[in-house]
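Read the structure below first, then the notes.
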Amino acid sequence: MSVPDYMQCAEDHQTVLVVVQPVGIVPEDQFFKIYKRIASVSQVSIRDSQRLLYIRYRHHYLPENNEWGDFQTHRKVVGLIAITTCGSAKEWPQTAERFHGQKEVYSATLYDSRLLVFGLQGEIAEQQRTDVAFYPSFEDCSDVEKRVEDFVESIFIVLESKRLDRATDKSGDKIPLLCVPFEKKDFVGLDTDSRHYKKRCQGRMRKHVGDLCLQASMLQDALVHYHMAVELLRGVNDFLWLGAALEGLCSASVIFHYPGGTAGKTAGRKPSISQPADAGKRHRPGAQEVLIDPGALTANGISADTSTEIGRAKNCLSPEDIIEKYKEAISYYGKYKNAGVIELEACVKAVRVLAIQKRAREASEFLQNAVYINLGQLSEEEKIQRYSILSELYELIGFHRKSAFFKRVAAMQCVAPTIPEPGWRACYKLLLETLPGYSLSLDPKDFSKGTHRGWAAVQMRLLHELVYASRRMGNPGLSVRHLSFLLQTMLDFLSDQEKKEVTQSLENYTSKCPGGMEVITLPDGLKLPPVPFTKLPIVRSVKLLNLPVSLRPHKVKGLLGQNMATASPFIYSPIIMHNRGEERCKKIDFQWVQGDVCEVQLMVYNPMPYELRVENMGLLTSGVEFESLPAALSLPAESGLYPVTLVGVPRTAGNITVNGYHTSVFGVTSDCGCLVEVVPSLPRLQLSTSLPRSAHTPQPMSKEELSSTVSVQLFNGETQQLTITLENIGSEDIETLELTSKIVSTKEFLSWELDEPLSHLPLKHGQAVTLTVNIKVKLDFSGQENLLQDLNDDGISVTGLPISSPLRQVLKPRPETKPVSSESGKAEYSHIKTLEAVLNFKYSGGAGKVEGYYRELSLGVHVDVEPSVFFTRVSTLPATSTRQCHLLLDIFNPTEHELTVSAKNNQDLVLHASECQRMAIQVDKFDFESLPQPDQETTRFTNPKQLEEERQHAQGCQINSKLGICWSIISFQWLQVCWSYIRQSSLS
């Protein structure tokens with residue numbers, strides 16, 4: 001068997017196969033008309049029985065496939081319906097002979113046959129025959145369906161007799177060995193009396209009887225026979241037939257669990273009347289394979305009485321076990337080179353079952369296996385069919401891109417070099433069907449709604465193939481449309497060389513068939529919308545120009561109160577609407593005059609890497625009669641913004657609307673209107689602050705991105721509060737509010753609490769809330785050493801040490817240094833540093849919030865930090881108590897003001913401008929071993945550098961809390977906390 005049936009599904013195992021074929025010359029349309037009526041009889045309720053017989057019809061079936069009928073009985077042609085025409089009695093003998101010859105092709109397996117004769121009247125037609133039906137014409141045949149039902153009942157009688165005959169076989173050990181075609185030569189000369197051979201015969205016959213029971217709608221009997229066949233065949237390692245028994249077991253279980261079928265047809269199968277009463281309890285995860293009692297087997301392995309097994313066979317395979325048995329069966333089929341078709345069809349059946357179970361990932365594994373099954377030399381038509389079916393199955397399980405891939409492979413197969421007459425129309429049709437899988441639409445409007453979807457490189461490849469296929473079809477108009485679409489929608493992804501090649505191809509095509517704005521309708525009804533070149537060139541802004549002062553109209557004062565319509569104002573609809581979402585049509589505060597030349601200025605940009613020639617560029621208007629005077633322009637490569645003035649003359653008075661512009665580029669005429677999406681209404685927030693505004697703009701932000709910027713000047717260590725007032729000036733309520741900060745410098749210096757403002761939401765029109773943001777600057781307090789005379793102690797230099805920072809690393813011992821002059825020292829300590837940040841408010845409400853939209857408002861913060869105090873040296877001296885020590889700090893005042901430095905339980909130190917003094921503080925020695933230590937697991941998985949930083953931060957916080965060093969400028973009455981971090985060894 002070399003040709004697979006890709007449309008097979010698990011429930012087909014329950015059907016009997018009937019071939020419907022024409023005999024002689026029969027008009028094709030008339031044949032398929034009758035064929036559809038015959039195929040409508042897909043299931044027949046058997047009289048005097050509660051069983052249904054399902055029929056599968058084929059109008060073409062290879063005789064070699066029929067040879068596999070013993071292996072799986074649903075592959076066996078058991079019925080033949082021949083359709084023929086016969087004009088006279090003389091033609092009848094020849095027609096009867098042809099019918100007899102047709103029966104000979106399937107004679108080995110046929111149960112019954114029928115001949116439907118159209119056009120013959122007279123004595124012969126009046127004869128009453130069961131195997132022949134005569135009809136005057138194809139229109140006068142009302143009882144065709146009834147004839148088919150009688151024919152199906154006769155097939156059932158033969159099927160039932162064969163089932164009973166095989167199930168009650170009492171011929172001792174002489175059970176015939178059923179074989180597939182390629183096995184017959186392998187069994188020549190085998191010992192037919194061996195136990196192994198007899199069990200093989202028994203197992204295969206059990207499996208065959210199971211097939212017959214399944215076709216006869218005896219589902220429970222079929223399950224019993226399949227289970228017993230599996231046990232017998234597994235014992236003799238008869239893998240091919242074991243796989244068939246497992247597949248039969250899976251099919252029976254699928255029919256039990258999914259009576260509606262797995263083929264995905266619109267009309268599901270009617271459930272069998274013989275379904276058990278517990279059909280509602282089908283999905284039992286724990287259901288396992290039935291255990292067969294060996295005592296139920298007779299000497300030849302065939303037991304007529306299956307009632308004992310039937311009671312225990314109700315628990316057929318669970319949905320999960322069905323897939324496992326399919327995998328096992330397919331693995332057995334894979335052992336045989338000649339069973340490739342059987343293996344492939346089993347994969348397809350399993351995929352359909354998994355699609356019903358919504359297990360797409362496992363289904364894709366079966367399909368991947370099906371791709372690599374070797375079926376030998378396939379014709380090009382068979383390859384196309386195979387790839388198309390794979391595409392449909394991937395689509396069935398939701399793998400849209402994989403589906404598109406195989407459909408594209410099928411399209412390329414239609415025009416393979418080995419085909420004498422390539423099918424370019426079929427190729428083009430299949431390529432169009434791949435578009436959704438690659439997130440590609442042929443409507444340019446779908447590409448103006450935001451970010452690009454899909455892989456641009458794959459999409460461009462597919463569009464190029466559509467262009468080439470349409471050209472080979474002899475339709476240059478389609479090629480122009482697809483090339484125009486490629487250039488318009490994929491411009492941002494094309495390299496400079498690709499842009500040049502595409503435009504050259506487009507010019508070649510348009511020289512034979514110019515492109516326009518008409519809708520192209522394909523033969524199958526698909527419509528290709530026009531593709532306007534809105535990017536060639538890109539229009540950045542549109543501005544209507546007033547008439548020169550000497551030509552502007554003026555209103556007579558006595559007529560100002562009359563109807564303003566007599567003044568004939570013109571209304572303009574801007575192509576690119578303002579960002580504030582104003583009305584699309586806006587009244588211009590000046591007038592044009594009928595008959596005078598009017599001007600509209602456009603700022604355009606050429607994105608191409610070469611000169612762009614735009615011909616016949618003019619205005620598109622409505623409302624009044626307007627004569628547009630086309631312009632031609634040549635834009636340099638990547639020109640930047642380039643002003644273009646379009647002119648025209650209004651011929652009548654009234655209100656005019658400018659809808660867009662038209663161009664002709666590369667031979668393609670475009671009408672370019674601009675579409676701006678209007679989102680639902682959103683609230684508007686107005687921001688005011690307690691600090692003065694500043695002209696500074698934090699980098700890399702632009703002035704357009706910030707609503708305002710505030711500036712403040714602070715001393716190092718000082719804290720200032722910034723009060724922000726947020727007022728709702730829009731019509732919608734503010735329902736959500738978020739605040740984030742982006743620090744331009746390397747150090748965080750802003751903090752706030754948002755709970756209080758959020759408690760006032762929703763914020764209605766006119767209402768306001770205040771938010772306090774703390775600006776706390778904490779920069780380096782360390783400075784140049786040796787401003788005072790050295791002491792003989794264990795002092796430690798802090799030059800370059802960020803005492804205020806918890807991130808310091810290693811304190812170096814004090815080196816020998818040279819004295820520093822007072823002037824250079826002042827210059828060192830007078831440097832002003834800058835901190836910058838951006839506060840970003842994100843808010844939403846109203847209908848816009850429901851649709852997922854929000855607005856943002858940004859506030860820049862600029863802080864100039866002046867130096868306050870510097871610690872040039874830290875040292876220690878022993879105290880009278882062994883538990884304490886004296887901490888010596890050399891403190892320098894770089895400011896121009898007198899300031900005081902204080903600490904806990906210590907006298908204040910007064911420092912004049914540019915003065916350096918030493919301060920002694922008596923403190924208890926610190927025990928850092930008492931600080932909490934990280935657990936072993938944290939130490940194992942954390943960066944050592946980060947652990948050291950955390951340890952030093954904890955030590956610094958403990959020191960700061962006990963020292964409490966503060967400074968204040970006496971004249972300003974400011975008091976701020978100075979954060980100093982001292983190394984552990986300096987205090988211990």
Side-chain angles (χ1 to χ4, degrees), residues 440 442-452 454-468 471 476-517 529-542 575-576 600-620 630-646 660-675:
L440 192 59
L442 291 181
D443 190 348
K445 294 179 182 178
D446 295 337
F447 286 80
S448 60
K449 296 180 179 179
T451 57
H452 187 90
W455 293 344
V458 177
Q459 292 171 341
M460 288 190 291
R461 175 70 177 271
L462 186 58
L463 288 172
H464 276 296
E465 290 168 352
L466 283 172
V467 171
Y468 186 73
R471 182 176 73 83
L478 270 181
S479 301
V480 171
R481 180 58 52 86
H482 290 313
L483 263 182
S484 302
F485 182 85
L486 170 63
L487 194 59
Q488 169 68 18
T489 60
M490 303 291 171
L491 186 65
D492 297 337
F493 303 100
L494 292 172
S495 65
D496 290 349
Q497 182 62 28
E498 288 172 334
K499 291 177 182 177
K500 186 175 181 180
E501 293 173 356
V502 170
T503 53
Q504 287 177 349
S505 299
L506 185 57
E507 287 179 323
N508 291 335
Y509 285 125
T510 54
S511 63
K512 303 173 184 177
C513 180
M517 293 297 294
V531 182
F533 279 154
T534 58
K535 293 184 178 181
L536 297 172
I538 298 174
V539 177
R540 294 297 189 192
S541 65
V542 179
I575 294 177
I576 299 180
V600 177
Q601 187 182 69
L602 285 73
M603 299 301 292
V604 300
Y605 167 69
N606 174 21
M608 305 300 281
Y610 50 83
E611 184 182 26
L612 179 66
R613 292 190 56 81
V614 183
E615 301 174 355
N616 194 31
M617 189 172 188
L619 294 171
L620 296 174
L633 58 143
S634 180
L635 298 176
E638 298 178 347
S639 60
L641 287 180
Y642 191 88
V644 175
T645 301
L646 301 180
Y661 59 95
H662 61 81
T663 61
S664 179
V665 182
F666 305 128
V668 178
T669 302
S670 303
D671 292 343
C672 304
C674 289
L675 178 67

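Owing to the predicted nature of the structure, the values given are computational and were not obtained by experimental measurement.
Here E611 pairs with S634 under the side-chain hydrogen bond (donor to acceptor under 3.5 Å, both in side chains) rule; sequence neighbours left out. Contacts of E498 classified as side-chain contact (heavy atoms from CB on, under 4.5 Å), with partners at least two apart in sequence or in another chain: L494, S495.
Listed here is the closest heavy atom pair of P609 and K499: CD-CD, 3.7 Å. Here the shortest heavy-atom pairing between H662 and L619 reads CD2-O, 3.8 Å. For the pair S670 and V531, the tightest heavy-atom approach, listed with the atom from each and the gap, is OG-O, 4.1 Å. For the pair F533 and V668, the tightest heavy-atom approach, listed with the atom from each and the gap, is CE1-CB, 3.7 Å. For the pair P530 and P444, the tightest heavy-atom approach, listed with the atom from each and the gap, is O-CG, 3.4 Å. Across every non-hydrogen atom of A637 and N606, the tightest pair is CA-ND2, 3.7 Å.
Using a 4.5 Å heavy-atom threshold, the side chains of V600 and T645 count as separate. With a 4.5 Å cut-off on side-chain heavy atoms, R471 and Y468 count as touching. Contact check for L466 versus F485: no side-chain heavy atoms found under the 4.5 Å cut-off.
One N or O on the side chain of Q488 and one on the backbone of T534 form a donor-acceptor pair closer than 3.5 Å. Side chain of T669 to main chain of G516: no donor-acceptor pair is present (N/O by atom type, distance under 3.5 Å, no hydrogens or angles). With hydrogens and angles ignored, the 3.5 Å screen pairs a side-chain donor or acceptor of R481 with a backbone N or O of P529.
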Does the pair H482 and L442 meet the rule for a side chain to side chain contact (heavy atoms under 4.5 Å, CB included), with working shown? CA-CA 8 Å; H482 290 313; L442 291 181; 3.9 Å; yes

Are M608 and L635 close enough, and set up right, to give a side chain to side chain contact (heavy atoms under 4.5 Å, CB included), and what steps lead you there? CA-CA 9 Å; M608 305 300 281; L635 298 176; over 6 Å; no

Go through the steps for F666 and L536 under the test side chain to side chain contact (heavy atoms under 4.5 Å, CB included), then give the verdict. CA-CA 10 Å; F666 305 128; L536 297 172; 3.9 Å; yes

Taking it one step at a time, do M617 and L602 satisfy side chain to side chain contact (heavy atoms under 4.5 Å, CB included)? CA-CA 11 Å; M617 189 172 188; L602 285 73; 4.0 Å; yes

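The NE2 atom of H464 lies 8.0 Å from the OG atom of S505; values are rounded to the nearest 0.5 Å. The CE atom of M517 lies 4.5 Å from the CG atom of D671; values are rounded to the nearest 0.5 Å. For the atom pair Q459 CD and F447 CZ, the distance stands at 5.5 Å (nearest 0.5 Å). Considering SG of C513 and CG of N508, their distance stands at 13.5 Å, rounded to 0.5 Å.
When T489, L486, L440 are each tested for a side-chain contact (heavy atoms from CB on, under 4.5 Å) with M460, only one passes: L486.
Taking a 6.0 Å sphere around OH of Y605, one finds it holds more than 12 heavy atoms contributed by other residues, nucleotides or ligands.
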